[in-house]
Amino acid sequence: MRIVLGVGGGIAAYKAASLLRLFTEAGHDVTVIPTEAASRFVGVATWEALSGHPVTSSVFDEVPTVNHVRLGHEAELIVVAPATADLLARAATGQAGDLLGTTLLMARGPVLMAPAMHTEMWRHPATQANVETLRSRGITVLEPASGRLTGADSGPGRLPEPEAIFEAALALAGAPAVPGTLPASASFPVPSAFPPPSASQPLAGFTVTISAGGTREPLDPVRFLGNRSSGKQGVALAIAARDAGARVRLLAAHMEVPAPDGVELVEVETALELRKAALHAAADSDVVIMAAAVADFRPADVSGTKIKKRDGVADPVISLVRNPDILQELVEVRDAASRHQLIVGFAAETGDAEGDVLEYAAAKLRRKACDLLVVNHVGQGKVFGQDSNSVVILSRSGSEPQEAAGSKADVAAAVLDRISAELSRVVPPA
Ligand code: CTP
């Protein structure tokens, strides 16, 4: 679900970071819109890192995407937390002086506001009148919690706990409140107890999630932005993991090869769909391998009808917006939950005048902080769609880079061997 999280300028803004986390961990796509004052409490970089989207308070940023109209229009749910006295007043009088104001005026979906302020401000007739106005327009304004406020005082005015806001918001939007819940068609059975691993089945008892193929980002009903990934390497990994005894989930983003038997298949189209499926699947996986080529950008606007060429009318220009980095987010979620899980990334690099393939790959390993990075040298007909591959496996544990070459099955076997070796370090025996 596309959610806008508006953040008002109160000390409780820091709690909105936990709320954001709850939404993203449950697979929702959240754009944060702080007010100018909120950015004095929590910096824009924090919201950007946690949401994976650019963040601004201004209607003058991202103008070509008509951000001030688009965000409110597209949001399936808007949550404002904390909603300060000032923000409630501005919302009640329909003020459109910043991005959050315009977004609230453009809202088509449900809106929930979670107030936080001092007791006197909350009880003031002006605030109560504003709350009444907002409620009469169908906006859900939660009651603030009671307790210790910013200073020595206490009373009603505390921001409700992030979990309470999360549940109220999803209930309002009619979505399930359990983090990671996807529609029943995409749900996975609960794993049974681990059988002891054997030499021929080193991954018996482990659950391995593998993404494969390339995402497609729609432009209109007939066109998309895609990439050259065939899914062959991801499928080879799925076969190798299955044959090593693992329970395998394959998150397939447009593959040119069929999915193998004996794996749980979840088909996705876009980067955002893959993100949702990956976060959900990762929740009970021992290993996650991101072999899919994920589009870094998607078209800012998707036309509901075919884009036509018209004489005398300027040719269209495609504006792109950044997709979240799924691999990085998987690592953050794992670390936040202190989960024992091995996360493996792939890197497609060409190298250039600024650095060679391995230099770029080492920087990517540091940036994405995954455990293993399988580095492909791409370009000049190499890798994409081919039946053979040549990779270097880099590890964060500091062990020596390892080369593997041959068919994609050979490379998959080498990657899986390395995973089995590292697993004993990361995941304690059952
Ligand atoms: N990846 C991801 N989410 C994205 C982009 C990439 O999870 N939005 C994952 C890929 O599945 C892969 C790894 O990140 O495991 C590296 O992908 P790559 O395209 O090489 O790196 P980028 O992060 O896109 O970096 P750049 O394009 O700047 O090299």
Side-chain angles (χ1 to χ4, degrees), residues 24 27 29 48-54 208-217 225-238 249-255 266 268-282 285 287-299 320-334 341-379 382-384 389 391-396 411-412 415 418-419:
T24 55
D29 178 33
E48 290 193 330
L50 291 178
S51 70
H53 288 295
V208 179
T209 291
I210 300 167
S211 71
T215 65
R216 288 179 165 187
E217 311 297 320
L225 298 181
N227 59 64
R228 294 182 192 279
S229 179
S230 63
K232 286 180 182 172
Q233 187 62 74
V235 164
L237 284 161
R249 290 181 190 136
L250 184 62
L251 312 181
H254 182 73
M255 306 191 312
V266 179
V268 296
E269 185 81 10
T270 63
L272 292 181
E273 285 175 22
L274 177 57
R275 170 181 178 271
K276 189 172 181 178
L279 287 171
H280 177 63
S285 293
V287 181
V288 182
I289 307 175
M290 284 295 295
V294 186
D296 286 327
F297 302 96
R298 64 179 183 277
L320 301 174
V321 288
R322 181 90 74 96
N323 275 328
D325 189 314
I326 305 168
L327 179 61
Q328 210 162 331
E329 203 169 340
L330 287 167
V331 172
E332 284 171 12
V333 170
R334 175 198 63 187
Q341 185 178 64
L342 193 87
I343 300 182
V344 183
F346 269 67
E349 300 290 349
T350 58
D352 58 23
E354 309 281 306
D356 69 18
V357 170
L358 278 187
E359 282 166 354
Y360 278 125
K364 195 169 282 182
L365 179 63
R366 280 195 297 278
R367 195 170 70 241
K368 303 213 178 198
C370 51
D371 301 287
L372 295 175
L373 191 69
V374 182
V375 186
N376 275 313
H377 188 177
V378 293
K382 288 182 189 161
V383 182
F384 290 118
N389 202 356
V391 301
V392 178
I393 307 170
L394 302 184
S395 166
R396 276 219 331 145
V411 169
V415 172
R418 188 61 184 268
I419 287 173

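Indexing begins at 1, ligand by ligand and atom by atom, following the structure's order. Computed from a predicted structure; not experimentally measured.
The shortest separation from a heavy atom of Q328 to ligand 1 is not under 4.0 Å, leaving the residue out of contact. Within the structure, ligand 1 lacks A271 among the residues with a heavy atom less than 4.0 angstrom away. Ligand 1 lies less than 4.0 angstrom from a heavy atom belonging to K368.
Close approach of ligand 1 to M290 is summarised as follows: ligand atoms under 4.0 Å from at least one heavy atom of the residue are 7 (O), 11 (O), 12 (C), 15 (O).
Looking only at distances, no side-chain donor or acceptor of Q328 sits under 3.5 Å from a matching main-chain atom of D325. Looking only at distances, a side-chain donor or acceptor of R334 sits under 3.5 Å from a matching main-chain atom of Q341.
Applying the salt bridge (Lys or Arg N to Asp or Glu O under 4.0 Å) test to D29 and every residue at least two apart in sequence or in another chain returns nothing. With sequence neighbours left out, the side-chain contact (heavy atoms from CB on, under 4.5 Å) criterion links V357 to E349, V375, H377.
By the 4.5 Å heavy-atom criterion applied to side chains, Q233 and V374 are not counted as neighbours.
Taking all atoms of both residues into account, the shortest heavy-atom contact from V294 to A271 is CG1-CB, 3.6 Å.
Looking at A293 next to ligand 1, no N or O pair under 3.5 Å apart turns up. Polar contact check, A347 against ligand 1: no nitrogen or oxygen pair lies under 3.5 Å apart. The N/O atoms of I326, backbone and side chain alike, include one that comes under 3.5 Å of an N/O atom in ligand 1. Residue P324 has at least one nitrogen or oxygen atom sitting less than 3.5 Å from a nitrogen or oxygen atom of ligand 1, judged on distance alone. On a distance-only criterion, A348 and ligand 1 share at least one N/O pair closer than 3.5 Å.
Of the residues listed (V268, L274, D296, N323), the one engaging T215 in a side chain to side chain contact (heavy atoms under 4.5 Å, CB included) is L274, and it is the only one.
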